[in-house]
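One structure is given here, and the rest of the page talks about it.
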Amino acid sequence: MESNSPKDTLVRSQETESLVKRLAGPSSGKAGLAKDQTEINRIISDASKGSKFYENEKKKDKEVTVRIEKILKYKEEAFKNLDVAKVEASMDHLIEQLEEQRDLTQLIVHVDMDAFFANVELLDNPSLAGKTFAVVGKGVLTTASYEARKFGVRSGMAAFIAKKLCPHLILVENRHWRYSEISDQIMGIFHRYDPDMCPAGCDEGYLNITAYCEEHAMTAEECVREIRETVFRETKLTVSAGIAPNKNKPNGQYQLDFDAKAIKAFTHDLPIRKVPGIGRVSERLLEAIGIKASTCGDIYTQRAVISIMDKQFGLVYLLRTYLGISSNTVQAHTREERKSIGAERTFSTLHKLDDILAKLDEVAAELEKDMQEDGWVGRTITLKYKLDTYRVFTRAKSVDHWVSKKEELYAVRQMIHSSHLTNINILLDWQRPAPP
DNA sequence: GCGGATCAC
DNA sequence: GATGGTGATCCGC
């Protein structure tokens, strides 16, 4: 095999490009590309180069490349005997059926606090106003102020990398108790508008305001303005909202027309990476099979390919994404619906088994404490640990009785088969998903 | 049921 | 010098 074929060169240059993008972190592509993102990515990559973290990312990137090669081979094979016109016609039929399920009667709102942790810090320390600062926990950023974001600083980024991008960056330590305090307050406000509202993390949620608007003879827009004003009045924090007939997240503060055509126009140019569930890897895989512009509009033009790759990508999920149809029911999760509880710690590399077991004991004790608070019990104990190479191992064991004690959690020590640990995670499942 | 991977926040 | 913690889900054994 000649190693300098055009295809080879292409694959290799793609690989470095995707690695550089990967190193920029999971949230970098999410907010839309900055003008000088290439330069930012270069700085990040240079700062990482040579580290074990970098080597691990390189390995994972390579694995995705191999996955892509397999998928392309499969695609080529499946395409050989494919009557494209016929498949497209049957896809069009399926799309019609899905279109019939579109329900435009519900007023669904997605509310999302602006730079939540950062703005809470700003609230409690006004001297941060206008400054480039970020909130940091365990060496990793959880939020960045809008001023800092201009430098390419993003949540999920290592603090020392952020400092390279923005040397004057002020680092503020996480204060979790403070955020949950305010989170409770905000969720309380959202509840007044929809008692069944569904929180998504501590700073955002989905509301169905159909009933509220009916009862108070309000339009959705008026209602959402009132929600946002109430949050600001009671917390002095700002919130953005998107209004739509289902849970597809609109962009920022936005009301989507309640009309199939307008919704499809919206998704047509929407980068597929912004769709919940499409992350960095799926974006790369989809790009490889022809979602070239990486927008949802390409789902339609590539419907024949996608139909033969149903297994890999989920045909109906993608078609519904193209149509801009998603669930429009909002329901709070009940405590009973929770499926697992866990505790995780990262530490500097431990080599001696005794030290590792001591750490494991700490994590087990922490998990037992959290379990007691909620009266939680489970049947499957999973141990996850990470080596200093960032390689992760998982070992699970299901038992025939309910586990609640730290002694039983600590028993996972039998499953450790390495040293050089930097992270330990113990997870307890209430019930594993039943096989179909 | 288990282990690896991906994803969201 | 250095890259988090919690919970969910899907796929291929």
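Throughout, a chain's letter reflects where its sequence line sits, starting with A, and its residues are numbered from 1.
- Only one option out of A/Ile209, A/Ile108, A/Thr210, A/Leu207 pairs with A/Val330 in a side chain to side chain contact (heavy atoms under 4.5 Å, CB included); it is A/Ile108.
- Every residue meeting the ring pair (Phe, Tyr, Trp, His ring centres under 6.0 Å) condition with A/Tyr390, not counting sequence neighbours, appears here in chain and number order: A/Phe53.
- Residue A/Ser51 places no side-chain N or O under 4.0 Å from the OP1 or OP2 atom of C/dA2.
- Heavy atoms of A/Ala159 sit nowhere under 4.0 angstrom from any nucleic acid atom.
- In terms of phosphate contacts, A/Arg379 brings a side-chain nitrogen or oxygen within less than 4.0 Å of OP1 or OP2 of B/dG1.
- Counting non-hydrogen atoms under 4.0 angstrom, A/Gly342 reaches the backbone sugars and phosphates but no base.
- Take the nearest nucleotide of DNA chain B for A/Arg22 and for A/Gly201: the residue whose nucleotide is more 5' is A/Arg22.
- Judged as a ring pair (Phe, Tyr, Trp, His ring centres under 6.0 Å), and not counting sequence neighbours, A/His401 has no contacts.
- Atom CG of A/Leu23 is separated from atom P of C/dT3 by 14 Å (rounded to the nearest Å).
- As judged by a 4.0 angstrom heavy-atom cut-off over every strand, A/Ile278 is placed among residues touching the sugar-phosphate backbone only.
- With sequence neighbours excluded, no residue forms a ring pair (Phe, Tyr, Trp, His ring centres under 6.0 Å) with A/Phe190.
- Interatomic distance, A/Leu319 CG to A/Gln97 CD, rounded to the nearest 0.5 Å: 11.0 Å.
- Taking atom C1' on both nucleotides, C/dG4 is separated from B/dC7 by 16 Å, rounded to a whole Å.
- For A/Lys386 and C/dG4, the NZ to C1' distance is 8 Å, given to the nearest whole Å.
- Across all strands, A/Arg67 comes closer than 4.0 Å only to sugar-phosphate atoms, never to a base (heavy-atom distances).
- Applying the 4.0 Å criterion to OP1 and OP2 of B/dG3, one finds that A/Thr382 has every side-chain N and O outside that range.
- A/Lys397 comes within contact range of the sugar-phosphate backbone alone, with a heavy-atom separation under 4.0 Å but no base atom that close.
- Contacts of A/Asn425 with the nucleic acid, taken as non-hydrogen atoms under 4.0 Å apart, are absent.
- Phosphate contact (OP1/OP2 of C/dG4, side-chain N/O of A/Thr142, threshold under 4.0 Å): absent.
- Within 4.0 Å (heavy atoms only), A/Glu63 reaches sugar-phosphate atoms of the nucleic acid but no base atom.
- Among residues two or more places apart in sequence or in another chain, the salt bridge (charged side-chain N to carboxylate O under 4.0 Å, His left out) test is passed with A/Glu99 by A/Arg102, A/Lys264.
- Spacing between atom CD1 of A/Ile426 and atom C1' of C/dG5 amounts to 14 Å, rounded to whole angstrom units.
- At the heavy-atom level, A/Ile161 lies under 4.0 Å from base atoms of the strands shown.
- At B/dC9, none of the side-chain N or O atoms of A/Ser155 fall inside 4.0 Å of OP1 or OP2 (strictly under the cut-off).
- If you check residues 331-340 of chain A against DNA chain C, the residues with a heavy atom closer than 4.0 Å are A/Arg338, A/Lys339, A/Ser340, listed by number.
- Listed by chain and residue number, A/Leu387, A/Arg391 satisfy the side-chain contact (heavy atoms from CB on, under 4.5 Å) test with A/Thr389 (two or more places apart in sequence, or in another chain).
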